[in-house]
Each structure stands twice: as structure tokens, then as C-alpha cells.
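Only one structure is covered here, and it is reproduced in the block below.
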4 protein chains.
Amino acid sequence: MNDPSGFEFAFMNVTTKTLKPRKSPVQARSAASVAALHTAAIQVLTREGLSRCTTTLVAKRAGMSVGSLYQYYPNRDALLATVLEQHLNTVATAVETACQQCRGQSVIHMAEGLVMAYLAAKLHSPDESKALYSVAGERDGARLVAIMHGRMVIAITQMLVSAPDAHFDDPALTAGIALGALSGPVRTFLEGLTAPGFDACLAEQLTLLLQGYFKCCATT
Amino acid sequence: MNDPSGFEFAFMNVTTKTLKPRKSPVQARSAASVAALHTAAIQVLTREGLSRCTTTLVAKRAGMSVGSLYQYYPNRDALLATVLEQHLNTVATAVETACQQCRGQSVIHMAEGLVMAYLAAKLHSPDESKALYSVAGERDGARLVAIMHGRMVIAITQMLVSAPDAHFDDPALTAGIALGALSGPVRTFLEGLTAPGFDACLAEQLTLLLQGYFKCCATT
Amino acid sequence: MNDPSGFEFAFMNVTTKTLKPRKSPVQARSAASVAALHTAAIQVLTREGLSRCTTTLVAKRAGMSVGSLYQYYPNRDALLATVLEQHLNTVATAVETACQQCRGQSVIHMAEGLVMAYLAAKLHSPDESKALYSVAGERDGARLVAIMHGRMVIAITQMLVSAPDAHFDDPALTAGIALGALSGPVRTFLEGLTAPGFDACLAEQLTLLLQGYFKCCATT
Amino acid sequence: MNDPSGFEFAFMNVTTKTLKPRKSPVQARSAASVAALHTAAIQVLTREGLSRCTTTLVAKRAGMSVGSLYQYYPNRDALLATVLEQHLNTVATAVETACQQCRGQSVIHMAEGLVMAYLAAKLHSPDESKALYSVAGERDGARLVAIMHGRMVIAITQMLVSAPDAHFDDPALTAGIALGALSGPVRTFLEGLTAPGFDACLAEQLTLLLQGYFKCCATT
DNA sequence: CATGAATGAGTCTTCATTCAT
DNA sequence: GATGAATGAAGACTCATTCAT
């Protein structure tokens with residue numbers, strides 16, 4: 001909510017023209033409005049679901065009129081896509097950073113580092129993470145998911161390759177499975193399907209999961 | 001003044017009254033129509049997406065009129081929920097059966113049996129599985145997912161408890177993580193985010209994943 | 001209003017798919033609805049002007065709901081284009097027929113025949129003719145106008161060529177000017193810019209106009 | 001209870017209060033801005049069409065903000081009406097001047113003078129002439145067209161009356177037809193419905209047209 | 001005075017649902 | 001029972017106009 005450093009649009013290649021905000025959030029007013037719209041979108045998404053997440057409702061919740069929403073986004077999909085992209089980008093970046101830092105360490109540490117970074121990013125704002133699952137299922141969302149997924153798989157792969165204590169025959173495959181194995185339980189948790197107290201064990205269990213997997217996969 | 005309809009959410013008793021077809025598929029005609037509607041719904045879902053999956057379109061693709069669709073389902077959501085429920089039920093039942101059969105076996109076999117059953121059910125009709133992810137994200141869908149998830153976690157838990165070669169401190173937790181770890185990579189695969197040839201390794205990798213995890217979790 | 005013979009879609013090549021009625025007016029009900037929409041469109045066009053000729057208003061005036069309008073036309077432009085096309089087609093056909101019949105006659109008769117046919121078609125329903133001028137100015141309308149204009153110029157040209165008592169160096173040019181000279185005063189009249197009683201002299205004056213022009217243009 | 005505002009439609013007194021720029025173009029700045037707006041309006045009209053000729057777009061193309069536009073015009077219609085009025089006024093004035101100069105000459109010269117003046121005015125800026133047809137079809141536009149048409153008919157009538165070599169039974173009628181006969185082909189040309197090279201013959205043909213007509217109409 | 005962000009009424013269009021035939 | 005035309009509420013989006021800065 002207070003991120004005065006401004007948004008990082010590090011992945012310009014990701015978005016198409018039509019999905020980009022109409023105005024770059026340079027001016028303070030614009031930035032505030034855009035932020036309000038993002039927050040509002042997530043709230044409406046959470047409370048009403050994707051199909052009832054209407055532009056009018058989002059604008060109202062953000063304290064502005066529909067017209068203003070369209071000053072910042074060319075259409076509803078662009079708004080949702082931007083919110084999703086921001087979220088996914090945060091997660092992907094966190095994973096990339098963690099993978100970078102874990103290079104050359106043991107697979108035990110790698111598993112732990114990866115899990116910690118992923119969880120921290122994903123659970124930082126559970127409502128947001130949960131709400132955006134529905135957006136991720138839509139056409140535009142799927143594209144973004146694919147891109148971010150790709151980034152993370154690459155990062156993990158490069159990390160695995162650098163392991164001194166293990167060799168992976170198909171590191172990209174292992175990375176893909178590992179990422180999926182991470183996201184599955186996290187989604188289950190975010191969607192409220194787990195028993196209370198589950199979150200306390202989540203990090204530990206996921207670390208065990210990946211450590212076991214990495215060990216099994218490793219040759220030599 | 002008590003609710004005479006007795007809305008009991010027997011957790012294992014999957015369906016509620018409102019989500020059931022109006023007709024029991026006793027007559028051949030009805031059964032055929034319902035089946036046609038299910039197939040059609042999945043096709044339209046696949047080709048058009050959730051928001052453009054309209055009742056008229058589904059009915060047409062099923063070779064009947066909208067009016068007839070409403071003969072079998074009280075509304076659009078009921079149709080989609082039923083289709084989803086059927087799918088989830090198939091998967092849950094497959095998992096339950098496999099878990100039943102693996103009781104008393106080694107955790108190695110358990111992992112293998114669980115993975116095989118889950119994959120077989122999920123990949124039997126990939127289009128269907130993929131298409132229904134969007135339905136699962138909606139209000140009604142989430143409820144069904146929760147129910148089915150619960151069934152599977154219970155089944156897996158009971159299986160784990162019966163393992164002669166391992167003891168789990170919190171078998172339900174382990175079961176939940178295991179199920180999530182299974183569904184994550186499968187979803188990744190179904191959503192087309194994996195490299196070609198991924199499916200060939202999927203069963204093997206998931207088995208490794210669960211075996212590693214089960215071993216790590218087990219106390220002596 | 002009572003044209004039980006149904007509409008003649010003699011110029012299938014004229015319309016694009018998206019501008020065609022969604023349903024062919026085969027059934028009596030459909031035909032009636034389509035006719036009602038045409039009439040209503042012209043009325044709204046006359047009373048409110050093009051910009052206020054909204055789909056809701058047209059539907060209401062036609063005694064149905066918006067939804068029904070969209071059962072017959074894919075969008076507002078298609079409705080207006082169809083109405084315009086019908087009108088222009090009537091006029092063009094009338095001119096073609098007259099030109100056919102006047103072939104081989106003197107230019108005097110040609111002028112008279114052309115004027116009579118054009119006027120009869122154009123003044124048959126003055127409100128309609130007037131109302132459609134605005135539609136003719138829009139993108140889609142301009143295309144239709146161009147097509148129909150082309151048809152009439154060709155018809156007139158072929159007629160002129162057949163004149164036994166005159167030779168035209170550039171008959172197509174003469175035909176184009178003649179048609180323009182006809183449509184100009186008629187539009188002036190329809191738009192209400194002329195004094196009362198003007199219509200009584202219109203046929204005579206236009207005949208004089210064309211006769212004088214044809215004589216001037218003719219060589220030999 | 002009489003209308004104290006005295007809305008007199010002096011027919012020659014072209015403009016009404018509400019359609020005039022709010023500022024008299026005394027200051028150089030205002031004059032420049034108004035001129036820029038006129039030019040911009042025609043450009044936008046040409047490129048986008050009437051319905052997409054928005055105030056924001058016009059202002060932007062004129063190098064100013066919407067707010068400034070409203071400094072000069074009370075609303076969108078007033079802007080368009082003024083642009084149209086200016087155009088029509090130029091044409092009408094040119095015709096009036098020509099008719100004045102042709103008084104007392106032969107009908108042959110009259111026809112030529114009228115055609116030349118009309119064409120010169122109308123084709124001076126073809127884009128403008130064409131673009132304004134759509135504006136002329138709207139409510140306000142029709143009123144202006146009527147006024148200007150009236151001025152021209154009067155001018156032509158007075159010219160015809162002064163012809164030494166011809167007598168017209170109903171000179172106003174003849175004038176009206178002549179003006180219509182002129183505007184028809186010109187519109188056809190401006191709307192791009194004529195073959196390339198048409199413009200080269202336009203003056204000549206229109207002169208022939210009117211000369212032939214005048215001769216036919218004349219008594220003795 | 002200029003600016004351009006904000007407003008929100010008004011359009012088009014879709015689609016779940018009903019019901020006369 | 002089947003049909004599919006009719007309904008109309010609801011949502012996306014535009015744009016004339018205003019007004020705080």
C-alpha cells in the first residue's frame with residue numbers, strides 16, 4: 001500500500017499495448033488512483049468473484065467513477081491483467097533472487113531457500129494471492145502465468161545445475177515438477193481447504209517435500 | 001419454524017438437492033440428454049471459456065433447445081456444477097479405491113498406487129480436466145472442490161496410517177501436502193505450461209516426489 | 001407495409017455477412033418483426049435523428065424489446081444498413097427497369113422515363129427517403145450508396161448509348177451528371193427546403209432539365 | 001407573456017446568439033484558437049466521422065485542452081454548427097456575388113458564372129466540403145442549410161429575372177432546381193462516387209446542364 | 001486563463017430465464 | 001415434452017461537460 005518507490009515495470013515485453021495502463025503512473029495522483037484500483041480489484045474479486053467483478057464496482061470501491069477507471073486502463077481485462085502481472089512478477093522475482101543466492105549451495109539449502117522465498121511472496125498477501133487464481137485462469141491471465149512460470153523454471157533450473165552435491169539428468173524437468181509441487185499445496189492452503197494450523201507446518205513440509213525429491217532425482 | 005427441507009451438508013454426501021438434475025436418469029432419453037449436455041458443456045467450456053459458455057450454446061451443441069436444458073437443470077450454475085461434480089467424483093473415487101487397495105503396503109507402493117490412480121483419472125480426458133479448472137474457481141465449484149478434496153485427504157490419510165514400514169506423526173497433514181504436490185504439477189501440465197514430452201515422465205517424477213516425501217516424513 | 005411477397009435480396013453481393021439479418025425472414029413472425037423494425041427505424045430516424053436513433057428506442061417503437069432486435073440484426077449498424085439497402089435497392093431497380101424500357105427511344109422519352117421512375121421511387125415514401133439521407137452519410141451507408149449509384153449509372157449509360165437520335169461522346173459521364181442532377185433537387189425537396197407546391201412542378205422541371213442536358217451533350 | 005428574448009429568425013441574418021463563439025475574435029489569440037479549432041474539427045470529422053468527432057479529439061488536434069475549447073464554444077454542437085455555417089456562408093456569399101455580377105447578362109453567361117462560382121467555393125477545400133455533409137444532416141445543420149439555401153435561391157432568382165434574353169415564368173422555381181442540379185453532381189463527386197478525371201469535366205458539364213435548362217425554361 | 005482529470009448519464013450488446021405455441 | 005422467440009436486467013465502455021488546481 002505504501003510503495004513510494006513506484007511500480008517496477010521490469011518486464012515490458014510481457015504486456016501487449018492494449019493491456020497496458022493508459023497513463024504511466026508518474027504523477028502522484030495517477031499513482032494513487034492506480035494503487036486504489038488494484039486494491040479495489042482484489043477486494044471485489046475476493047468478495048464477489050471474477051464474474052461479478054465489474055468495472056463499476058471496482059471503481060466505486062476505489063472511490064472513483066467508472067470513467068476514471070477507464071482513464072487508467074483501456075478495459076476491464078487490462079486492469080485485471082495488470083494486477084495479476086504485478087503479483088506474479090513479485091513472486092517470480094522473489095524466486096529468481098532466491099535461486100540466484102542459493103547457487104552453489106547444497107540441494108538441502110536450495111530446497112529451503114526456494115520454499116522460503118516462494119512462500120514469503122505468496123503468503124505476503126493471502127487475499128490477493130487467492131483472488132488472483134481466478135484471473136489466472138482467463139485467457140490473458142494464462143499468458144502471464146505461462147511467462148512467469150517460465151521465468152521461475154529457468155531460475156530454478158540454473159540453481160539446480162550449480163549444485164555441488166548433486167547432478168540432475170534433466171534439471172529443467174526437475175525444476176518444473178518442483179515448482180508445481182510447491183504451488184499445489186500453497187493453492188490448497190490459500191483456497192481454505194486445509195485444517196487450521198496448516199500454515200504453521202507449510203514451510204517445513206514443503207521443504208521436506210523438495211528435499212526428498214531433489215535427493216531422489218540426483219545422480220551420484 | 002425450523003427448516004423442514006433439512007439442509008444437511010453431510011460432508012461425504014456430495015450433492016445438494018439444488019445441484020442435482022431435476023430428473024433422475026431413469027429414462028434412457030433423459031440419461032442420453034444429460035450425457036450430451038455434459039459433453040457439450042465441456043466442449044463449449046474448452047472452446048469458448050467460462051464466460052462465453054452460454055446455456056444456448058451448450059444446448060445447441062448437445063443437439064437440443066435451451067428450453068430442454070432447463071428441463072434437466074434449474075439453471076446454468078447447476079449444470080456446470082454437476083459436470084464438475086461428476087469429474088471430481090470420478091477422481092475422488094479413483095483415489096479412494098486406490099488407497100483402499102494400497103492399505104497395508106509399503107509407502108513405496110502407496111506412492112506409486114496413489115500417483116497412478118490420480119493421473120489415470122485426471123489425464124483420462126485432459127480437455128475435460130483442463131476445462132473444469134475455471135468452473136472449480138467459482139463459488140459453487142469451490143464448495144465441490146472442498147468436498148472432494150476432503151474425501152481424498154481422508155482416504156490418503158487412512159492409507160498412510162496403515163503403512164507397516166512407516167509411522168506418520170500427522171498423517172492428515174502429510175496426506176494434504178501429498179495431494180497438493182500431486183495436483184500442482186498435473187495442473188501445470190494440463191495448462192500447457194510444460195515442455196513437450198513432459199507427460200512421459202510425469203508418473204515417474206510424481207512417484208519419486210511422493211516417495212521421497214513419505215520417506216522424509218516417516219518416523220522409523 | 002404489406003408486402004407479402006417477402007423481401008427480395010437480389011443483391012447478395014452487396015452486403016457483408018455481419019450486416020445481414022441474423023435470420024432470414026422466412027417465418028411469418030420473423031417477417032413481421034423485421035418489417036416492424038424497419039418502419040420503427042425510419043420513424044425514430046425521422047423524429048430523433050441519427051444520433052438519437054438508439055437500438056432501445058427503435059425496438060420499443062417496434063413494440064418489442066432490445067433483445068428481440070438483436071435476434072434479427074447483429075448490431076445497430078446492420079439494422080440501419082439493411083433499411084438503407086432496401087430503400088436504395090428499390091430505387092436502383094426502378095431506375096434499371098425504366099432504363100431498360102426506354103432503350104431505343106428518343107432522348108426526350110429517355111429523360112421523361114428516367115425522371116418518372118426515379119421520382120416515383122424516391123417520393124413513394126418521402127419520410128423514408130428523407131430519413132435515410134443521414135444513414136447514407138455513414139461509413140456503411142456510403143458503401144451501399146456507391147454500389148447503388150454505380151448500378152444506376154450503368155443502367156442510364158446503356159440507355160443513352162441506345163438512343164437513335166443522339167450520340168454521346170462520354171455516355172457514362174453524361175449518365176453520372178444526369179443522375180446527380182436528378183438527386184440534387186429531389187434531396188432539396190425532401191429536406192423541405194423548397195416552397196410549398198414545389199412537388200407539383202418537380203417532375204416537369206426535372207424532365208426539362210435532363211432533356212436540355214441530353215440535347216446539349218448529344219453530337220450529330 | 002410574449003417571448004422577451006425576441007427570437008427573430010431574420011432569414012438573412014444567419015447566426016443565432018447561441019451558435020456564435022463566446023468571444024468575438026478581437027484578440028489575436030482568440031482568432032487563432034478559433035481558426036485552429038475549425039481546422040481541427042474538419043480534420044477529425046474527415047478522419048473519424050461525425051460520431052467519433054469528440055471535443056477532446058478536436059481540442060487536442062487544435063493544440064489545446066478540452067477546457068479551452070469550451071472557452072470558445074458552449075458545446076460541441078455549437079462548434080460544429082459554426083464550422084458548417086462558415087463553410088456554407090462562404091459558398092452562399094460566392095454565389096451571391098457571382099449572381100450580382102451576372103445580372104443583365106445572357107442566360108448563357110449566367111449559367112457559366114453561377115457554375116464557376118459555386119464550384120470554386122465548393123471545391124476550394126474538398127475535404128472540408130465533404131466532411132461537412134454529415135454535419136449538415138443534423139438538426140442544427142439542417143437549419144443552417146435551409147438558411148443558406150434560401151439566400152442562394154434568392155440571389156439566383158434575382159439574377160434570372162434580370163436576364164435580357166429570356167423570361168422565366170417562375171424564376172424562383174427555376175433557381176431552386178438549378179441550385180439542386182448543381183449541388184447533386186458536386187456531392188456525388190465529393191463523395192468519391194465518380195470516375196477519376198470526372199472533376200476535369202465537371203465545370204463544363206454543369207454549365208451545359210444549366211444552359212440547357214435555362215433555355216428550356218425561358219419563354220421567348 | 002489554461003489544463004485535463006473526474007464525473008456519470010447514456011449506448012450498445014449479451015445472455016440467463018421464461019412461456020406461448 | 002420440446003422449442004426457440006421474447007424479455008430485460010446488467011455490464012462494458014464512451015464522451016460531453018465541469019471544475020479544482
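In the text below, chain A, chain B and the rest are named by the order of the sequence lines, each starting its count at 1. Just so it is clear, the model here is predicted, and its values are computed rather than measured.
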If you compare every side-chain N and O of Q71(D) against the phosphate oxygens of dA2(E) (OP1, OP2), does one of them come in below 4.0 Å? yes

For dA20(E), the nucleotide meeting Watson-Crick or G-U wobble distances (both under 3.5 Å) is dT3(F)

Expressed in angstrom and rounded to an integer, what is the separation of D77(D) atom CG from dT17(F) atom C1'? 13 Å

Are the side chain of T39(C) and the backbone of A35(C) linked by a donor-acceptor contact shorter than 3.5 Å? yes

For T55(D), answer base if it contacts any base atom (sugar-phosphate contacts may also be present), sugar-phosphate if it contacts only those atoms, and nothing otherwise; contact means non-hydrogen atoms under 4.0 Å. base

Nearest heavy-atom approach of R52(C) to L57(C) is O-CD2, 3.7 Å

Does a side-chain N or O of S65(D) approach OP1 or OP2 of dG4(E) to a distance below 4.0 Å, or not? no

Rounded off to whole Å, could you give me the CG-to-C1' distance for the L79(A) and dA12(F) pair? 13 Å

Watson-Crick or G-U wobble partner of dC13(F), both distances under 3.5 Å: dG10(E)

Output yes when at least one side-chain N/O atom of Y73(B) is less than 4.0 Å from OP1 or OP2 of dT17(E), else no. no

Pick the closest DNA chain E nucleotide for S51(C) and for S51(B) by heavy atoms, then say which residue is nearer the 5' end. S51(C)

Can you check the M64(A) CE to dT7(E) P distance for me, whole Å? 8 Å

May I ask you to say what S68(D) touches in the nucleic acid, namely base, sugar-phosphate or nothing, with a heavy-atom cut-off under 4.0 Å? base

Round to a whole Å and report the spacing from CG of L80(C) to C1' of dT11(E). 14 Å

Quick one, T54(B) with V58(B), criterion side-chain contact (heavy atoms from CB on, under 4.5 Å). Give me CA distance, side-chain angles, the key distance, then yes/no. CA-CA 6 Å; T54(B) 69; V58(B) 171; over 6 Å; no

Indicate yes or no: at least one non-hydrogen side-chain atom of T55(D) is less than 4.5 angstrom from one of Y70(D). yes

Whole-Å distance separating the NZ atom of K60(D) from the P atom of dT14(F): 14 Å

Do K130(A) and D127(A) sit within salt-bridge range, that is, some charged N less than 4.0 Å from a carboxylate O? no

Report the nucleotide, chosen from dA16(E), dA6(F), dA12(F), that has the shortest atom-to-atom distance to any side-chain atom of T54(A). dA12(F)

Report the distance from atom OH of Y72(B) to atom C1' of dT3(F), rounded to the nearest whole Å. 13 Å

Roughly, in whole Å, what's the span from OH in Y70(A) to P in dG11(F)? 12 Å

If I take atom CG in residue L50(D) and atom P in nucleotide dA16(F), what distance separates them, rounded to the nearest angstrom? 10 Å

Determine: side-chain N/O of S33(A) to OP1/OP2 of dA6(E), distance under 4.0 Å, yes or no. yes

Starting at the 5' end of DNA chain E and moving along, which residue's nearest nucleotide shows up first, G63(A) or V66(D)? V66(D)

